[in-house]
Amino acid sequence: MTANTNFLAHLNSSQRRSVEHYCGALLVVAGAGSGKTRALTYRIANLIRTHHVDPAHILAVTFTNKAAKEMRSRIELLFAQQQAELKFGKPWGALDDYQQTQLRSHVYKTIIKDLWIGTFHGLFSKVLRFDIEKYQDEKGRTWNKNFSIFDDSDCQGLVKQIVVKQLDLDDKKFEPRAVRYAISTAKNQGLSPDEYSKQQNDYRGRVISDVYKHYQDALCANNALDFDDLLLVPVQLFRQNAQVLDYWHRKFRHILVDEYQDTNRTQYDLIQLLVTNGVDSKTFNNWEHRSIFVVGDADQSIYSFRAADFTILMNFQDDFGDSMPDDRTETMVKLEENYRSRENILAAANHLIQHNTQRIDKILKATRGEGEPIFLYKADNEIDEAEFVVSQIRKLLRENPELNYGNFAALYRTNAQSRPIEDAFVRSQIPYTIVGGLKFYDRREIKDIVAYLRAIANPNDTVSLLRVINTPRRGVGQTTIDNLQNAAQQLGVPLWEILNDETSVKTVAGRSSKGVLNFAEIINKWRSESETRPVVDIVTGIVEDTGYVHELQTQGTDEALERIQNVQELVNATIQFQEESDEPSLEAYLASAALSSDLDNLQEGKEAVSLMTLHASKGLEFPIVFLVGLEAGLFPSFRSLNDPMAVEEERRLCYVGITRAQEMLYLSHARERRLYGSREPAIRSQFIGELPPELLNSNLRTKIKAQTPDRTSPKDPKTVGKTNAQTTGWRVGDRVIHRSFGVGQISHVFGTGNKQSIAIKFPNLGQKIVDPKIAGLQKID
DNA sequence: ACAATGCTATTTTTT
DNA sequence: ATAGCATTGT
C-alpha cells in the first residue's frame, strides 16, 4: 500500500476526499484551475488500484474527445509510474525510452483499453453499434448497426428538402436553420415527433412538428441518425427494453461525468437510467459496488444554446445526494483552491462572476501570489487591436527568454474575429494555430471522400450517394439524378437499389448511364474490399479509382493544390486512426470522423500562438492570455442583450476566458470595428466596468470607473419596497407572472433569503432562472 | 450538362 | 467582404 499513500500525497484535503470516494453519489464542485482533471483521473486509478474495480465497469464522460484522450493518457501514466517501481524498482524517470514504452503499452492492454472514456456522443454511438437493432420508434421505424451519423449540414439539407419539396412551403418563412434548431431542441427535451406534436397549438408549431415527422422518416430511410439521436435513441431504447438497460446498468457500475454543468436533459436521462436501472432517483438506494461521480462548475456553464441546463448540476444533491446543507453534506465536495492563476486574475474573475444572480456560492482562492496587474487596451479599431497583441507578444518574448509562442493565446467571442489577428500574425511572421472555425471534416473535399466511405458502409445512405454520384464530374446531371430518384421512389426502394441494377440504370439514365454504372461499380468494388482491407486502403483506392485528386491536379489552382494537401491529410488521419484505435473498422472510423472536432488536433508544446473562441478555450490554460473584442453587442453578444439570463451566460463566458490565464491577462476593445464590411462604432463592454478598477492598468488617461450599478445594491429603486414584500414564500408549483416572460410555473427554488433565485417554466420559453428580487414577479392564485 | 453571373445571408458559441 | 447559392445562358 505504499504506492497508494504515495500517490495520494500531493492532493489537498478536498481533492483527496473526491479521489477516495468509492460507492454512492458525489458532486464535486470544481472551480476553474482547481485540479478537477486530477481528481477525475486519480479517482479512476484509485478505483482500480485500491478497490479492485474492473476497468470494464467504469464509464467516464468527458466534454471533448481531446479531454478523453488526455484522461486516458494520464491514467496510463499513473499506472506505468507505479509499475516502474514494482517491476524495475526504479522511479519512472530513471527508465529508458524503451522500458517506458513497454510499460505504457502493457498498461494500455491490461487496463486502459477496457475503460469506456469519451464524450456522450462517442460513448453512446458505441452503445448503439451493439444494440440499435433492438430499437423501434413509435412509428415502427428501425435502424441497423451500419447507421450513418449525419452532421449539421446534412441535417439542414434534409430539412430544407422537406420544407421546400415535400411540404411545398416557403423557406423564407420556415428557414431550414430555424426549423432544424426547433427539432433539435425538441429532441434535447426528449420529445418524439408525436409527443412534440401534441404540444403545438399554433400554425407554425404544427408545421414544424410535421417537418419533424418527415425528418425522422428521411433519417430512417437513410439508416442515419443525427447528433441528438445518438443520445435520444439510447434513452428511448433503455426505456422500452428492460433487458438492454439492465445489461448496461450492470456493466457501468461506476460512472463519472466531467463538465456536468453542461449536460442537457437527454444526457441526464441517460445517466439517471444507467445509475438506477430505471428506478426513480429518490427511491433508488442500492449503492453497493456502484457510484455516480460528477464534476462541474455552474459558473462555467456556457452551452445553454445547445440545451445544456446547469440546474441539473444544481439539482444533483436532490437527485442522487443526501440533500443536506452544504456544511453537513456527505455527497458534495468543493474544490476552491486555484493552482492556475495569479491572485490579480482570480480577483477579477471572482469580482465579475458575483454580478450573476444564479450560482452556487463559491470563491476561488489564490495559491500563487499576486502577479502583474491586468492590462486594458483601448484600440482604435480591430487592426490596431491585433497589432497591440503582436507588439505585446514581441515585447514579452524579448523580456522573458523562458517564454515561447506556445505560451500565448488570443481568445475571442466569434470565429470571424480571428481574421484581423491572423493577418497581423502573418505580417509579423508570428507562428499561430487556429482552433475551430472550419473543422477539418467540414471541408468540401474531405466531406466528399467521407461521403464515399459512408455510402460504402451504409447502402441506404442516399444523402451521401447523391453528394458524390457526380463528384468528380462523370456526366451525371440533375435530370438524370431526378429520374433515378423518381424511379427509386416509385418502387419504394433506396436509391442504391436502382444504381446497383444495370438494366434499371440503362432504362432510366439513358445516355448518362455510363457514368452512373461506373460510379456503382466503384462503390461495389470497395464495399467488398472493405470487409478485409483497412480504412486507409479504401480511402486511397477511392481517390485513385474516382480520379478525385487527378481532377484537382488538372485544375492546378492554388485552391485545388490545398485540397490535394487536405486529402493527403485525410489519408494520414486514417493511418493514425488505425494505430490508435482498438477497433479499426470502417464504421468506427466514420463515427470518429463525424464526432471529431478541430479542437482535438490542438497539439500542446507546439511553439505557436493559439487563436480560438472562448467556448473552445474551456478546459485549457495559457501563461499569457489576450481577451479581445470586449465590446457591447459583440461580447456580450447583441442577441443576449434583452435577456438577463443570456447576459449571465455571456458573463460566465467572460469568466471562463479570464480564468484561462496563468500569469498575465490582457483585455482589449476597439473604438470602431468593421462588421459585414462597413465600419461600426463600438462601445466597451459592460463587463469591463464590472472588474475591480484598482486591478486594471490601461493605456487610457482617464481612470476606469465602474459604471454599471450593482444589481443587488439597495440603492436601485426597483429592488426596494416592491420585493421586500415577497422575497420569501416562493414554492415549487406556484404559478407566477413575470414582467417580460409572462405566466409560468415555479419548478425549483434555489437558496434562501437574499440569495434566493428561482427556476420558472414558461410554456413557450422553456425554463428560466430569475432573481425574484429584480424580476418583478407576482404570484397568481 | 455545365459555366458564368448575380444575389444573398452570414456572424454566437459546438458534440 | 465573401462564400455559397440560384438562376440564367451556352
Side-chain angles (χ1 to χ4, degrees), chain A residues 61-68 118-125 149-153 155-157 160 164 171-172 175-178 181 184 187-188 225-231 259 262-264 266-267 301-308 411-420 423 435-439 441-444 470 472-482 509-512 515 559 591-600 612-618 629 633-641 643 646-647 649-650 652-654 656-657 673-680:
Chain A
V61 188
T62 59
F63 196 69
T64 61
N65 294 304
K66 180 173 174 265
T119 63
F120 272 107
H121 293 83
L123 293 166
F124 287 93
S125 70
I149 300 169
F150 277 5
D151 68 23
D152 252 14
S153 69
C155 297
Q156 207 170 302
K160 191 174 173 184
V164 179
D171 66 344
K172 293 264 156 49
E175 279 182 89
R177 201 183 142 80
Y181 188 75
S184 177
K187 286 190 175 185
N188 282 321
L225 300 178
D226 64 20
F227 281 167
D228 305 319
D229 288 331
L230 296 179
L231 312 177
E259 308 285 9
D262 279 322
T263 51
N264 65 33
T266 318
Q267 292 166 339
S301 168
I302 54 176
Y303 281 93
S304 73
F305 68 93
R306 220 171 73 188
L411 310 179
Y412 35 78
R413 178 67 242 264
T414 67
N415 278 306
Q417 288 169 259
S418 69
R419 257 284 178 59
D423 290 348
V435 181
L438 61 158
K439 279 189 287 182
Y441 284 99
D442 278 348
R443 283 161 221 227
R444 206 205 317 178
N470 196 33
R473 306 258 117 87
R474 46 174 80 86
V476 183
Q478 196 55 53
T479 18
T480 310
I481 291 171
D482 287 347
R511 277 200 312 257
S512 307
E559 205 192 327
S592 95
L595 301 173
S596 90
S597 75
D598 202 47
L599 226 134
D600 307 331
M612 68 189 88
T613 63
L614 287 153
H615 283 88
S617 77
K618 189 164 83 161
L634 184 62
F635 189 26
S637 151
F638 69 95
R639 283 164 206 264
S640 67
L641 290 179
D643 178 353
V647 172
E649 176 145 325
E650 298 279 312
R652 291 194 291 272
L653 195 52
C654 188
V656 167
R673 182 173 295 269
R674 262 199 136 77
L675 195 67
Y676 300 110
S678 64
R679 288 187 193 292
E680 298 288 340

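What you are looking at is a predicted structure, and each value in this text was computed from that prediction instead of being measured.
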A.B. asks: If we check side chain to side chain contact (heavy atoms under 4.5 Å, CB included) with A:R674, which of these qualifies: A:E680, A:R419, A:R679?
C.D. replies: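 So the option named by the test is A:R679.
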A.B. asks: Let me know the distance between CG of A:L653 and C1' of B:dT14, rounded to the nearest Å.
C.D. replies: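 Atom-to-atom, A:L653 to B:dT14, this comes out as 13 Å.
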A.B. asks: With centres under 5.5 Å and planes under 30°, do A:F120 and B:dT15 count as stacked?
C.D. replies: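 So no, this residue does not stack on that base, at least one cut-off failing.
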A.B. asks: Could you pull out the closest heavy-atom pair between A:S304 and A:E649, with the gap in Å?
C.D. replies: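 Heavy atoms of A:S304 and A:E649 come nearest at OG-OE1, 2.9 Å.
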A.B. asks: Consider the side chain of A:K160, meaning its heavy atoms from C-beta on, and name the nucleotide among B:dT15, B:dT14, C:dC5 that approaches it most closely.
C.D. replies: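 Of all the options, the side chain of A:K160 is nearest to C:dC5.
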A.B. asks: Would you kindly give the NZ-to-P distance between A:K66 and B:dT14, to the nearest whole Å?
C.D. replies: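 It works out to 14 Å between those atoms.
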A.B. asks: Look at all strands and tell whether A:D228 reaches a base, only sugar-phosphate, or nothing, counting heavy atoms closer than 4.0 Å.
C.D. replies: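 If one applies the 4.0 Å heavy-atom cut-off, A:D228 turns out to touch nothing in the nucleic acid.
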A.B. asks: Which part of the nucleic acid, if any, lies within reach of A:E175 when heavy atoms closer than 4.0 Å are counted: base, sugar-phosphate only, or nothing?
C.D. replies: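 Touches sugar-phosphate only.
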A.B. asks: Check the pair A:D442 / A:D151 against side-chain contact (heavy atoms from CB on, under 4.5 Å), numbers first and verdict last.
C.D. replies: CA-CA 9 Å; A:D442 278 348; A:D151 68 23; 4.3 Å; yes
A.B. asks: With DNA chain B as reference, determine whether A:R413 or A:F63 sits nearer its 5' end, using the nearest nucleotide of each.
C.D. replies: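 It is A:R413 whose nearest nucleotide is closer to the 5' end.
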A.B. asks: Which pair of non-hydrogen atoms, one from A:G475 and one from A:S512, has the smallest distance, and what is that distance?
C.D. replies: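 Shortest heavy-atom separation between A:G475 and A:S512 comes out as O-OG, 3.4 Å.
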A.B. asks: Could you state the atom-to-atom distance from CG of A:L225 to P of B:dT15 in whole Å?
C.D. replies: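 The distance from CG of A:L225 to P of B:dT15 comes to 19 Å, rounded to the nearest Å.
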A.B. asks: Does A:N415 have a side-chain nitrogen or oxygen under 4.0 Å from the phosphate oxygens OP1 or OP2 of B:dT14?
C.D. replies: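 True: A:N415 side-chain N/O within range (under 4.0 Å) of B:dT14 OP1/OP2.
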A.B. asks: Would you mind reading off the distance between A:D442 atom CG and B:dT13 atom P, rounded to a whole angstrom?
C.D. replies: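 Interatomic distance, CG of A:D442 to P of B:dT13: 13 Å.
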A.B. asks: Assign each of A:Q267 and A:S640 to its nearest nucleotide of DNA chain B by heavy atoms, then name whichever residue's nucleotide is nearer the 5' end.
C.D. replies: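 Result: A:S640.
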A.B. asks: Please tabulate, one pair per line, each protein N/O and nucleotide N/O from nucleotides 1-3 of chain B that are separated by under 3.5 Å, including the distance.
C.D. replies:
from	atom 1	to	atom 2	distance (Å)
B:dA1	OP1	A:G477	N	2.4
B:dA1	OP1	A:T480	OG1	3.3
B:dA1	OP2	A:T479	OG1	2.5
B:dC2	OP2	A:N470	ND2	3.3

A.B. asks: If I take atom NE2 in residue A:H615 and atom P in nucleotide B:dT11, what distance separates them, rounded to the nearest angstrom?
C.D. replies: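 My rounded result for the distance is 15 Å.
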A.B. asks: At what distance, to the nearest 0.5 angstrom, does SG of A:C155 lie from OH of A:Y181?
C.D. replies: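 That separation rounds to 15.0 Å.
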A.B. asks: Can any side-chain N or O of A:N470 pair as donor or acceptor with the backbone N or O of A:V476 at less than 3.5 Å?
C.D. replies: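 Yes; at least one donor-acceptor contact below 3.5 Å.
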A.B. asks: Rounded to the nearest 0.5 Å, how far apart are CG of A:D229 and NE2 of A:H121?
C.D. replies: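 Output value for this atom pair is 9.5 Å.
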A.B. asks: Look at all strands and tell whether A:Y303 reaches a base, only sugar-phosphate, or nothing, counting heavy atoms closer than 4.0 Å.
C.D. replies: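 Counting heavy atoms under 4.0 Å across all strands, the contact made by A:Y303 is with sugar-phosphate only.
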A.B. asks: Looking at every non-hydrogen atom in both residues, tell me the closest pair between A:L614 and A:L653 and how far apart they are.
C.D. replies: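 So the minimum-distance heavy-atom pair works out to CB-CD1, 3.7 Å.
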A.B. asks: Less than 4.0 angstrom between a side-chain N/O of A:N65 and OP1 or OP2 of B:dT15, yes or no?
C.D. replies: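 For B:dT15, neither OP1 nor OP2 has a side-chain N or O of A:N65 closer than 4.0 Å.
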A.B. asks: Separation of A:Y181 atom OH from B:dT14 atom P, in whole Å?
C.D. replies: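 Rounding to the nearest Å, OH of A:Y181 and P of B:dT14 are 14 Å apart.
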A.B. asks: If I take atom CD in residue A:E259 and atom C1' in nucleotide B:dT15, what distance separates them, rounded to the nearest angstrom?
C.D. replies: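 Result: 13 Å.
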A.B. asks: Distance check needed: B:dT11 C1' versus A:L634 CG, whole Å only.
C.D. replies: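 Atom CG in A:L634 sits about 9 Å away from atom C1' in B:dT11.
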A.B. asks: Any side-chain N or O of A:S596 less than 4.0 Å from the OP1 or OP2 oxygen of B:dT15?
C.D. replies: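 Checking B:dT15 against A:S596, no side-chain N or O comes under 4.0 Å of OP1 or OP2.
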